[in-house]
Amino acid sequence: MEKPQSELERDRQYCELCGKMENLLKCGRCRSSFYCSKEHQKQHWKKHKLICKEADKTQLPAQKPGQAPQSGDNKAPEKCREKKSPEQADSANTSTNTKACKVGEKAGNDRSNSTATSNGQSSSSPQKLALECIVPCMNKHGICVVDDFLGAETGLGVLENVKALYKTGRFTDGQLVSQKSDSTKDIRGDKITWIEGKEPGCERIQFLMNRMDDLIRHCNGKLGNYTINGRTKAMVACYPGNGTGYVRHVDNPNGDGRCVTCIYYLNRDWNAKEHGGLLRIFPEGKAQFADIEPKFDRLLLFWSDRRNPHEVQPAYATRYAITVWYFDADERARAKEKYLTGAGDKGVKVDLNKSSDPS
């Protein structure tokens, strides 16, 4: 069942600054851009005013287009209509089923599901996993899940590195990309730290990053139209387990260059019914959503742009994850020219012709 056009339009609405997709305010001047708060509207006005002026010429001819409005607008932003969730839009079709996409089996045979899973990575090469599962899954569904990515022993080593890091007190409140805002805690409740991989005590995290790079190297040139030539540092995140989460948002709403999001989960014996903490993805234009449990040794990949709005539901147990974003060369270059470099502070040059960790 497809969503009505009005609901599809609402699903495309997001804060122009941070990507949040809930409780939005509409620009009262151009009536085509949205913000999660007046503060974010003010912060984005320098870029938005160029577009807002053009829209103003056609929609509000009596208003002076060159006049900079207060609070980044000449009107108080209007509250958007409350969005209906996919389960409200289609109660009979509320979630996707996850198909096992074992190495050697083409994910393209799936005709109905929006996500696929690969099991048994340890028994297959990164090249085989990339070409026979990840590439077809991503190109068809935009989402791919790989279980048993590193194996239990190596995964436990990564978890030990992360727990040791957390005990050092290096983790800080998660921030929005390139912005520090008083409203951040209302949007995300995780604690994070950024890791290059060469820090003392992070050897297993570096190994994980190597394996991610190797996997993407084998996918490169086959994932959509992207040419991947870089990535961020690893963002190590912890949701403390007190009901914190991350509201519905888009990772890359402003074309900052990030094209693929890779998340590795480290949570042993995770029970979603008891612990919550699901990552819920709302693929653009689909009535269904995809629920991903943050299970131990699971790797999740999805497109970083507006095609995959997602949220982290409240977690009631300590929830660890490591996220790396990969850059498309062309979009990244355009973003740097436009100074959309918030994620670039964590950018790393990646030589995808090598399987070792880039420096």
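What you see below is based on every heavy atom in this structure, not just the backbone, and it leaves out hydrogens, waters and symmetry mates.
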I'd like to check the side-chain hydrogen bond (donor to acceptor under 3.5 Å, both in side chains) partners of N242; sequence neighbours left out, ordered by chain and number.
T244
Please report the closest heavy-atom contact between A237 and D190, naming both atoms and the distance.
CB-OD2, 3.9 Å
For the residue pair C144 and M138, what are the closest heavy atoms and their distance?
N-SD, 4.0 Å
Can you see which heavy atom on M212 is nearest to which on Y264, and at what distance?
CE-CB, 3.8 Å
A side-chain contact here means heavy atoms from C-beta on lying under 4.5 Å apart; do R204 and E160 qualify?
no
Identify whether NZ of Lys or CZ of Arg in R248 sits under 6.0 Å from the centre of the six-membered ring of F282 and within 45° of that ring's axis.
yes
Looking only at heavy atoms, what is the nearest atom pair of C219 and I134, with distance?
SG-CG2, 3.7 Å
Locate the shortest heavy-atom distance separating G197 from Q206; write the atom from each residue and the value.
O-CB, 3.1 Å
Atom of G257, atom of A335 and distance for their closest heavy-atom approach
N-CB, 4.4 Å
Is it true that the side chains of T232 and W325 contain a donor and an acceptor less than 3.5 Å apart?
no
Heavy-atom side-chain contact between N161 and V236 under 4.5 Å:
no
Does the side chain of H310 come within less than 4.5 Å of R280's, by heavy atoms?
no
So how far is it from R334 CZ to R332 CZ, rounded to the nearest 0.5 Å?
12.0 Å
When you measure from the centre of the six-membered ring of Y265, is the NZ or CZ of R298 closer than 6.0 Å and no more than 45° off the axis?
no
Counting C-beta onward and ignoring hydrogens, is there a side-chain heavy-atom pair between K163 and Y320 closer than 4.5 Å?
yes
Can a donor-acceptor pair be found between the side chains of Y326 and D213 at a distance below 3.5 Å?
yes
State whether the side chain of D297 and the backbone N or O of L150 hold a donor-acceptor pair below 3.5 Å, judged by distance alone.
yes
With distance as the sole test, does H40 use its side chain to make a donor-acceptor pair with the main-chain N or O of C36 at under 3.5 Å?
no
Under 3.5 Å: donor-acceptor pair, side chain of D173, backbone of K191
no
Residues L223, I228; criterion side chain to side chain contact (heavy atoms under 4.5 Å, CB included); working and verdict:
CA-CA 9 Å; L223 290 174; I228 298 173; 4.3 Å; yes
Roughly how far apart are T261 OG1 and L301 CG, rounded to 0.5 Å?
9.0 Å
With side chain to side chain contact (heavy atoms under 4.5 Å, CB included) as the test, would you mind laying out the steps for R319 and W270 before giving the verdict?
CA-CA 9 Å; R319 179 188 187 278; W270 192 266; 3.7 Å; yes
Heavy-atom side-chain proximity of I263 to I322 below 4.5 angstrom:
no
Ring pair (Phe, Tyr, Trp, His ring centres under 6.0 Å) involving F171 - partner list, sequence neighbours excluded
Y166
So how far is it from D251 CG to T323 OG1, rounded to the nearest 0.5 Å?
8.0 Å
Would you say D328's side chain and Y226's backbone share a donor-acceptor pair under 3.5 angstrom?
no
Taking the side chain as C-beta and beyond, is there a heavy-atom pair between C137 and V135 under 4.5 Å?
no
Report whether L278 and V247 are members of the same hydrophobic cluster (ILVMFWY, side-chain heavy atoms less than 4.5 Å apart, transitive linking).
no
Is the shortest side-chain N to carboxylate O distance from R217 to D214 below 4.0 Å?
yes
Pair V312, Y239 - check side chain to side chain contact (heavy atoms under 4.5 Å, CB included), show working.
CA-CA 10 Å; V312 177; Y239 289 86; 3.6 Å; yes
Any side-chain to backbone donor/acceptor pair from N308 onto P283? Under 3.5 Å, distance only.
no
Can you confirm whether C238 sits close enough to T318 that some side-chain heavy atom of one is under 4.5 Å from a side-chain heavy atom of the other?
yes
K222 backbone acceptor or donor facing N139 side chain under 3.5 Å
yes
Using distance alone, with no hydrogens and no angle criterion, decide if N267 and H275 have a side-chain donor and acceptor under 3.5 Å apart.
no
Give a yes or no on whether the ring-centroid distance for F302 and H141 is below 6.0 angstrom.
no
Take W303 and I143 through the side chain to side chain contact (heavy atoms under 4.5 Å, CB included) test and state the conclusion after the steps.
CA-CA 7 Å; W303 302 132; I143 308 168; over 6 Å; no
List the residues meeting side-chain contact (heavy atoms from CB on, under 4.5 Å) with E199, not counting sequence neighbours, and say none if there are none.
R170, I195, E196, C202
Set of salt bridge (charged side-chain N to carboxylate O under 4.0 Å, His left out) partners for K295, sequence neighbours left out:
none
Tell me, please, which residues at least two apart from D305 pass salt bridge (charged side-chain N to carboxylate O under 4.0 Å, His left out).
R307
Main-chain N/O of I216 paired to H218 side chain as donor or acceptor, under 3.5 Å:
no
Residues that N252 engages under side-chain contact (heavy atoms from CB on, under 4.5 Å), provided they are two or more places apart:
D256, R258, S304, E331
Kindly indicate whether the side chain of Y35, heavy atoms from C-beta on, has any atom under 4.5 Å from the side chain of K26.
no
Exam field: side chain T168 to backbone L165, donor-acceptor pair closer than 3.5 Å
yes
Once you round to the nearest 0.5 Å, how far does NZ of K273 lie from CD of E293?
9.5 Å
